[in-house]
Each structure stands twice: as structure tokens, then as C-alpha cells.
Amino acid sequence: MPLENQLRGLAFTAAPSDVSVWSDRSSARKSTFLVERRVDGRLWVIDARGETPVELVRCFPWSAPARYLSLRDADGTERAFVSDARELDGVSRAALEGALSQAGFVLDIVGVSAVEEDFELRTWNVETDRGPRRFQTPLDAWPRELGDGVWIIEDVCGDSYRVRDLTRLDAKSRSILRGFAG
Amino acid sequence: MSVKSELLDDALFARYLGQPAALPEAARRLAHGALGGKVVRYALVDLDEKLRFCERWLVLGEHAVAVVELGFVSSFPRSAVKAVSHDAGLSCRVLRLHGEPGHAPLAELRFTQRQRRAVDAVAFVLEQALEGRTVETADAERAYRDAVFGPVREAQALVAPNKLAVVWRLLSYLDRYRARVALGTTAAVAIAALSMLPPFITGRLVDQVIGPVQRGAAAAPAVVRHAWLSVFAMGAVYVLRQLCLWARLRLMAELGELVAGDLRDEVYAHLHRLSMSFFSRKKTGSLITRVSADTDRLWEFLAFGVVEVSLSLVTLVCLGAVLLSLDPALGLVMTAPVPLLCFAIYKNGQSMERLFVRAWRKWSLVTDLLSDTIPGMRVVKAFNQEQHENRRFAARNHDVVGEFNRIHAVWTGFWPRLTFGIQLTALAVWAFALPRLLGGHSWLGAPLSLGTFVSFLLYSAMFVQPIETVGQVARILHRATTSAHRVFEVLDTKPEVVDRADPVRPGTLRGDVEFRDVTFSYDGIRQVVRGVSFHVQPGELIGLVGPSGGGKSTLANLLTRFYDVTGGSVRVDGVDLRDLDQGAYRRQVGIVLQDPYLFHGSVLENIRYGMPDATLDQVVEAARAANVHDFVCKLPLGYDTIVGERGHTLSGGERQRVSIARAILRDPRILILDEATSAVDTETEQKIQQAMDRLVAGRTVFAIAHRLSTLHKASRVFVIENGKLVEQGTHAELLALPNGTYRKLVTLQQELHHAA
Ligand SMILES: Nc1ncnc2c1ncn2[C@@H]1O[C@H](COP(=O)(O)OP(=O)(O)OP(=O)(O)O)[C@@H](O)[C@H]1O
Ligand SMILES: [Mg+2]
């Protein structure tokens with residue numbers, strides 16, 4: 001069948017009030033799978049096809065941290081997709097929430113003691129909520145603004161550091177950060 | 001590893017990462033006990049169950065795995081590990097080593113991205129063991145250091161001890177031009193010395209001629225000769241000084257140019273020695289500025305900076321000495337504030353630095369936008385986003401203007417204050433001198449002659465410029481060392497693919513290609529090729545097919561030795577590629593890249609690129625074979641038509657065909673076609689196919705293709721999926737496999753074909 005006809009076919013089968021193919025129908029959908037955290041430490045998806053250990057992938061780690069979750073098996077095939085955890089049952093939701101908090105873990109910067117420039121690298125000496133930490137960023141990479149005073153610094157190893165609210169840091173840290181954020 | 005580099009590593013770990021540079025002794029002893037033998041790999045595990053920092057060590061032995069923390073150790077045999085699983089996260093990753101299914105994991109380890117490479121290296125050994133493969137695990141210490149320090153080293157290939165060392169190294173480039181440097185320096189010193197003379201002569205003129213004559217104490221005619229002689233002497237000094245100035249400027253400017261030229265040559269030549277991995281790591285733009293802008297800055301520094309700074313220092317010292325010897329008291333008034341003023345300039349520079357960082361950041365946002373949207377103009381227009389882009393630009397531009405105005409506010413306030421400081425010194429000189437000029441003895445000293453005072457005033461004017469220069473030494477040095485470092489970094493990068501000391505120089509290759517259990521990873525993390533083995537006879541045409549991202553181009557990269565394998569070996573005519581002379585080997589290998597690259601130049605030059613001395617007959621022949629000839633004849637200047645920067649005036653298919661001609665002309669023994677015909681129409685493809693059939697005779701060809709119809713002539717087809725060779729055989733054999741990937745691909749393509 002030519003593509004055009006197929007598309008027309010699609011439009012006809014859609015509900016009259018819902019002509020757009022792109023409309024958000026997630027609320028109408030009830031999940032057909034369960035998610036659980038098993039004793040082996042992994043997340044498992046249980047659906048009509050069986051039980052599979054999966055890895056949690058967040059589609060928008062910064063823009064929508066708790067939504068749009070893709071659960072993928074060892075081959076990287078998507079076994080389940082959760083656009084909103086509210087469409088899941090309680091047990092699945094609890095399992096996902098635990099996994100989410102771990103996947104979203106970043107070090108929160110609570111103070112900055114020094115930023116030194118070296119060739120090509122900038123070394124940050126910071127105090128995080130987990131203790132002191134030293135890390136490097138390339139000289140030409142800058143912290144990224146997420147809005148609402150939240151800034152993210154990604155170091156050369158790929159770790160993320162977050163400033164939750166620039167305005168609430170102490171005066172010294174703020175003055176050091178002036179060059180880099182804001 | 002030598003003791004020295006170990007010490008350096010320890011210092012670097014402390015300076016950059018603040019974590020142990022090796023498994024601590026206590027933990028090592030514990031691990032030894034638990035493992036009952038050698039440590040083959042280890043990694044730091046830096047997060048606990050509650051995601052707090054901790055120091056735990058995952059240690060892999062030959063037969064067991066141990067986890068050590070604070071005097072505690074737990075261990076289990078390697079054979080107990082039945083599966084390995086990973087969780088990814090922003091700053092927390094998890095590695096689980098599973099025993100029997102349905103049981104709690106043997107170990108569940110959480111760690112930050114910083115430890116990832118080291119932890120994954122341990123996991124990799126276990127994972128490979130599960131698939132029945134062993135991994136070479138020599139030198140556990142080295143592996144750990146490289147894994148953890150790797151990202152820092154990649155960002156900064158050259159870890160320089162300090163800025164001074166970089167300056168010395170830069171100055172060592174002057175060695176070749178010693179005579180020039182000596183002359184230039186002499187001229188510079190002469191300038192400083194000569195500059196001292198005119199004020200001195202003026203002072204004497206006032207005291208010995210003008211004063212006495214005006215007072216009537218001396219007869220005019222007797223001293224007039226003396227006066228004119230002085231003026232004449234001053235004239236001579238000026239002429240001499242300008243001559244020296246000219247000599248210095250010219251000598252040093254040329255010298256700077258020579259050294260910058262040397263550096264450019266050296267860097268450019270070195271770039272060509274570096275491996276492909278270097279170029280995928282560094283941004284092209286940054287490499288271009290290293291060869292161009294950075295060497296230009298070094299010219300500036302060598303031509304002017306060095307001399308200017310040392311000259312200013314010499315001048316300041318000379319001035320101080322002259323003033324102090326002319327009149328110690330007044331000299332002190334004049335010279336004492338000088339260090340203070342220099343310091344003020346230095347301080348101001350420091351505080352401007354932070355403002356500059358901010359301004360640079362905002363500025364980079366503007367340039368990023370430019371380098372993003374201008375090449376992407378077509379997309380902007382197609383999606384009608386001009387308004388949006390304009391707004392984005394205006395906002396960033398506005399920010400930049402604000403930042404720079406803030407900087408201007410600071411420096412414009414500073415310089416008048418500084419000048420005022422210098423003028424204050426002059427006022428102080430007046431204040432101290434006046435009583436002595438007017439009224440003989442005072443507590444300030446003996447009476448002062450008018451001439452000495454005039455000399456003083458003239459000298460004091462000479463202070464301004466050197467003070468400014470010396471105050472900026474820090475900035476000048478900073479600029480120069482940064483540029484020098486960026487240049488030296490390239491020079492000090494060692495190519496990863498190197499010939500061994502005494503490589504085998506192959507004669508004419510037969511074209512026998514063997515992959516033996518080849519594994520490969522671009523980044524040391526993700527395995528892109530996993531245990532690929534095959535043997536290809538000379539003259540075979542091998543089709544490589546498989547899903548996108550499967551690793552086909554990567555296999556081609558390994559065969560051309562753009563990269564060295566991580567495990568296993570690639571053998572050509574029975575010799576390991578790593579033992580072959582790269583140059584001699586590549587001369588016999590032709591490759592048509594997936595994304596063909598044409599240089600700026602004529603079509604002729606592009607076709608002849610690999611063989612500049614090919615005759616025009618050969619060029620036309622190759623062009624005909626690649627089906628280039630006909631369309632080239634339609635171009636305004638035929639083969640002499642310049643094709644744009646990246647061959648933009650040619651269509652994608654035309655570009656591909658030119659690059660095929662380029663490869664054909666070299667008459668390679670091994671030919672690799674990476675999707676060489678993906679952008680041409682069916683008819684052209686057929687023609688290339690026919691040409692190819694002629695061409696293929698007697699050489700080994702690897703043809704990567706998505707369009708399977710291209711491969712009906714292939715002697716064998718390899719299906720590459722997920723880095724593995726999943727199927728191989730003739731077209732017919734593969735079609736016969738009931739659940740084969742190839743069969744599926746063929747059926748799908750046929751369906752599409754029929755549907756169309
Ligand atoms: N220079 C590189 N650095 C890091 N990873 C790379 C590099 N080149 C390719 N890769 C990765 O390696 C994998 C295999 O890539 P490769 O180019 O070999 O695939 P391919 O089979 O040629 O795909 P296609 O058919 O789309 O050309 C991909 O996942 C890709 O992202
Ligand atoms: Mg490819």
C-alpha cells in the first residue's frame with residue numbers, strides 16, 4: 001500500500017475528537033507490565049513475553065528526571081517504556097523510584113574553596129554534600145545552567161556536580177563562582 | 001616503570017584527583033591473603049550503599065575476586081561469577097557480580113564515573129572469561145593509573161611541571177639563531193644605555209653654559225662652541241639610538257618569525273605522525289589554532305615580549321642607578337615608589353582576571369552560536385527559525401556588551417589613578433627639590449644645581465613606559481606560556497600507532513588477510529569489535545553487511561591500521577600488521593571512505609592525490625573506470641575544475657566516484673570500499689560494478705554495503721552485528737540459513753523493492 005494511503009488510514013482510525021496523531025495518549029494507557037527489584041539487585045520487567053532483567057535509562061535526565069523511562073534488556077532492546085510512573089501499580093512504582101534516585105545521584109556542591117587554572121585544565125576544589133572533592137574541567141568548558149539558579153558542572157571523567165542554588169552559597173564561594181556561573 | 005615516573009604519578013594523583021595512586025599496602029596485603037596469589041587488576045570503589053564516599057578496593061586475582069575495606073576483606077572464587085550486570089547513572093554507576101540466579105549478588109559495587117574505566121577493566125576480564133576468552137592482564141599498577149588518570153591526560157596531554165619550564169623550552173628554540181640573539185640583545189642594551197645620555201647632557205648644558213652665560217659669569221663666545229658641541233652630541237646619540245632601535249626591531253621581528261616558522265613546521269609535521277585516535281579526541285578548530293594563532297602569539301612574544309620586558313627591567317635599573325648617583329636623596333624619592341607602582345599594576349591585572357574569565361565565557365557563547373548557525377544556515381531557514389536565532393544572538397550579545405563594559409569600567413578607573421601616582425612622584429620631587437633650588441642648605445641636603453634638576457625631570461619622564469611593561473610581565477608571560485604549552489602539547493603527544501624498531505618491509509602483497517580473535521575499543525570502555533576471526537584468500541571479494549553501528553567501518557579502520565587492535569591480531573600475508581612498515585603497507589591499500597573527502601583543488605589533483613606522478617592517460621583511465629569521466633567532461637574546466645573546500649560543488653554521488661577513481665589509480669593490492677556506492681543511482685552503480693569487476697581481478701576487496709544487490713558477485717559475505725561476525729558464507733549459503741540475519745535483510749530489501 002502506498003505510504004499516503006497508509007497515513008490516511010491512520011487518520012481514519014483515530015477517534016473523531018482526537019485527530020492529531022501526536023496527541024498525548026499516555027494517560028489513557030494502562031501499563032501491561034510489572035517492574036520489580038529482585039534479590040539479585042536488578043530490576044526485572046514481567047510482561048506477557050516473560051521475565052527479563054533490565055537496565056533503567058532515563059530519556060531526559062535533566063529536563064524530566066522522573067519521567068520517560070526506558071527499560072532495556074542486556075541487548076539494549078526496549079522491554080518497557082514508562083512515560084509517567086503514575087500509570088504503574090504501587091509495587092512497580094516503588095521499584096522504579098529506588099532505581100531513579102540512584103540513577104539521578106550527583107554530588108551537590110555546598111561550597112567552593114578554590115578554582116585554579118592550569119594549562120588546558122581548570123581544577124575545582126569543592127565541598128560537596130558527601131565531603132570534599134577535587135575535579136577537573138577543560139578550560140573551554142563552562143558550567144551549564146538548568147534554570148532556577150541550578151548549575152551543573154561536568155568534569156573530565158563524566159561526573160556531574162550540581163549547585164542547587166547559586167544565591168544560597170556563602171559569599172566566598174559565590175565570589176569564586178562569579179567568573180563561571182551567573 | 002621507573003621510580004621517577006612513579007613519583008611523578010603519585011604527585012599528579014594527589015594534585016589532580018586526591019585519591020591513592022596505587023592499591024595501598026595494607027589493602028594489598030589483605031587482598032594477597034584472600035586471593036592466594038598475584039593481583040592482576042584492581043579498582044577503587046568510592047561509594048557505599050548509602051552513596052557516601054568510601055574507600056573500598058575491588059581486587060581481581062588469578063582465581064579469585066576480593067573486596068577490601070578498612071581492614072576487612074571478603075572474597076569469592078572467580079568461577080563463582082556466573083553473570084555481570086551494570087547500572088548507569090549520572091554520577092553513580094553500579095557493577096554487580098552475580099552468582100547463582102535468584103540469589104543475592106556476590107558483590108554489588110557503587111562508584112563514581114571517575115572509577116569507571118578501572119572498574120570496567122576488572123569487569124571486562126570476568127565478562128570475557130564467561131565467554132571463554134582470556135584477556136592479557138600484565139601490569140596491574142599501570143592499568144589502574146592509566147584508567148583513572150586517562151581522562152585528565154586526554155584533556156591535557158602534556159603535564160608540564162611549571163610555567164618557567166615552558167618558557168625555558170621556548171627559549172631553547174632560539175639556540176639555532178644565537179648570533180642574531182646576541183646582536184639583538186646588544187642593540188637593546190645599547191638603546192637603554194644611550195637613552196640615559198640626552199638628559200645628562202642637557203643638565204650639563206644648563207649648568208655649564210646657559211646658567212653662567214645668563215648670570216654673565218662666562219663670556220658667550222667661549223662657551224658657545226661647547227654648547228653647540230653638546231647639541232651635536234645629542235644629535236649623534238639620537239641617530240645612534242634610532243639605528244640600534246631599527247636593528248633590534250628588525251632582528252628580533254625576523255627572529256620571532258623564524259622560530260614561529262620552525263614551530264609551525266614541526267607541529268604540522270608531527271600532526272601527520274599522530275594516530276587517528278588523536279584527531280577524534282581533539283577538536284579540529286583547536287588544532288588549527290595551535291598551528292596558526294598560537295605560533296603567531298609566540299612570534300609576538302619572542303619578537304617583542306622578551307626584549308621589551310628585559311629591556312624595561314634594564315632601563316629601570318639603569319635609571320635608578322643614574323638617579324641615585326646624581327643625587328642620592330632626590331634619587332630615593334624618585335625610585336622608592338617604582339616597585340609599588342609595578343605591584344599596583346600587577347594586582348590590578350590579577351583582579352581583572354576574574355572579570356575576564358566571565359567575559360570570555362559570555363564571549364564563547366556568542367562565538368559558539370555563530371559557528372553553530374552559520375554552517376547550519378540551511379536548517380535555520382528550512383525550519384523558519386531566523387527570528388528565534390536573532391533573539392538568541394541578541395540576548396547573548398547583550399550579555400557580552402555588559403561584561404566588557406564592566407571590565408572597561410575597571411581599567412579606565414585604574415589608569416588615571418596610576419598616572420596620577422606617577423605624577424605624585426614628580427610632585428614629590430618638586431617638593432623635595434624646591435627648597436634646595438631656592439635657598440641653599442636645608443635639612444633636605446646641599447643646594448641643587450638647576451642642571452641636575454632638569455636632568456631629573458627628564459629622567460622621571462622615562463620611568464612611565466618601563467613601569468607599565470614590567471607591571472604586565474605576568475600577563476605577557478601567561479599568554480606566551482599558554483600558547484607555548486598548547487604547541488608543545490601537540491609536539492609531545494606520542495602516536496599510538498607506531499612502527500616497531502625494525503619493521504618488516506613488505507614487497508608486493510598477495511592480499512591474504514586474517515583476523516585472529518580481534519577485539520577493539522575506541523575509548524577503552526565500550527567494545528566495538530568483539531572476537532572477530534576470519535581468513536580471506538588473495539583475490540577474494542568480501543561483502544561486509546549488517547546493521548548500522550555494527551562495526552563494519554571499524555573493521556576497515558583496523559585493516560588500514562588507523563588504529564591498533566586492543567586484543568588478538570590482524571595479519572596480512574601471515575605477518576602481524578603491527579610488525580609491518582606502515583608506509584610501505586598503506587601504499588598498497590586503497591580505501592574509499594564512507595564520507596569521501598575531497599581536498600580544495602582541481603579534480604585532477606584530487607584523483608592524483610595518492611600518486612602525484614601518474615600520467616594523464618592513467619588518470620583518464622581510472623576516471624573512466626569509476627564513471628567520473630563523463631560528468632567531468634561536462635564541467636567548465638574539465639579535470640582542471642576546482643572543487644570547493646570540501647568538494648561542495650559536486651554532488652554526493654559525484655564525490656564518491658572521484659574518491660573511487662582516486663583509490664583505483666593507486667592500483668592497490670587490498671581495496672576497501674566503505675559504502676562506496678551508497679550515494680549513486682542504480683545505473684551508475686551498475687557501471688561502477690562493471691568497472692569494479694575488471695578492477696577486482698587479482699586483488700583482495702572488502703566491500704561494505706547496505707544495498708545487498710551490490711554484493712551478488714561477492715565470493716563470501718560476512719554479516720557483522722554488534723561487533724561480532726555472526727554469519728559468513730556465499731550469498732546462497734547464507735540465504736539457506738533458516739533464521740539467518742542475512743536472509744532477513746535480503747527479504748526485507750526485496751519487499752521494499754517490490755513495494756516501490
Ligand atoms: N572514532 C570513534 N570513536 C568512538 N566510537 C566510535 C568511533 N567511530 C565509531 N564509533 C562507534 O563504534 C560503533 C561501530 O561504528 P562503525 O562506524 O564501525 O559502524 P558501521 O557498521 O560502519 O555503521 P554504518 O553502517 O552506519 O556505517 C558505533 O557504535 C560508533 O558509535
Ligand atoms: Mg560505517
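Since this is a predicted model, take the numbers as computed values, not measurements. Labels below follow one simple rule: chain letters A, B, ... track the order of the sequence lines, proteins then strands, and each chain is numbered from 1.
In this structure the side chain of A/R133 never reaches within 4.5 angstrom of the side chain of B/L17, judged on heavy atoms. Side-chain contact between B/V152 and A/L121 is present, with heavy atoms from C-beta onward closer than 4.5 Å.
To the nearest 0.5 Å, the span separating CG on B/L90 from CG on A/D159 amounts to 9.5 Å. We find the CZ-CZ distance between A/F105 and B/R93 to be 14.0 Å, quoted to the nearest 0.5 Å. Rounding to the nearest 0.5 Å gives a distance of 9.5 Å between SG of B/C92 and CG of A/L107. Note that the CD atom of A/Q136 and the OH atom of B/Y16 stand 7.0 Å from one another [nearest 0.5 Å]. For the atom pair SG (A/C157) and CD (B/Q115), the distance works out to 8.0 Å, reported to the nearest 0.5 Å.
Listed here is the closest heavy atom pair of A/R178 and B/R406: NH2-NH1, 3.1 Å. Nearest heavy-atom pair across A/G131 and B/F53 is O-CE1, 3.9 Å. Nearest heavy atoms, B/W360 versus A/W142: C-CZ2, 4.4 Å. Heavy atoms only, all atoms of each residue included: A/F135 and B/R114 are closest at CB-NH2, 3.4 Å.
Contacts between A/D155 and chain B at a heavy-atom distance below 4.5 Å involve the side chain alone, from C-beta outward. Looking at B/D368, neither its backbone nor its side chain comes within 4.5 Å of chain A, counting heavy atoms on both sides. Looking at B/H103, the atoms closer than 4.5 Å to chain A (heavy atoms on both sides) all sit in the backbone: N, CA, C or O. If you measure heavy-atom distances from A/A74 to chain B, you find no contacts under 4.5 Å at all. For chain A, no part of B/R117 is nearby; none of its heavy atoms comes within less than 4.5 Å. If you measure heavy-atom distances from A/P53 to chain B, you find no contacts under 4.5 Å at all. For B/L106, no part lies near chain A; criterion is any non-hydrogen pair under 4.5 Å. In this structure, chain A has a heavy atom under 4.5 Å from the side chain of B/R96, while its backbone stays farther away. Interface residue B/T112: backbone and side-chain heavy atoms are both found under 4.5 Å from chain A. Proximity to chain B (any heavy atom under 4.5 Å) is shown, for A/W124, by neither the backbone nor the side chain.
Within a 6.0 Å radius of CG in A/D148, other residues, nucleotides and ligands contribute 12 heavy atoms or fewer.
Identified by a heavy-atom distance below 4.5 Å to chain B, the contributing residues of residues 35-44 of chain A are A/R37, A/V39, A/D40, A/G41, A/R42, in residue-number order.
Side-chain N or O atoms of A/S160 include none that pairs as donor or acceptor with a backbone N or O of B/S91 at under 3.5 Å.
Contacts with chain B were tallied for A/S175, A/A103, A/P61; A/A103 has the most, counting heavy-atom pairs under 4.5 Å. Put simply, of A/E154, A/E55, A/R58, A/R130, the one with the most heavy-atom pairs under 4.5 Å next to chain B is A/R130. Contact count versus chain A (heavy atoms, under 4.5 Å) is highest, among B/A104, B/G89, B/A359, B/G18, for B/A104.
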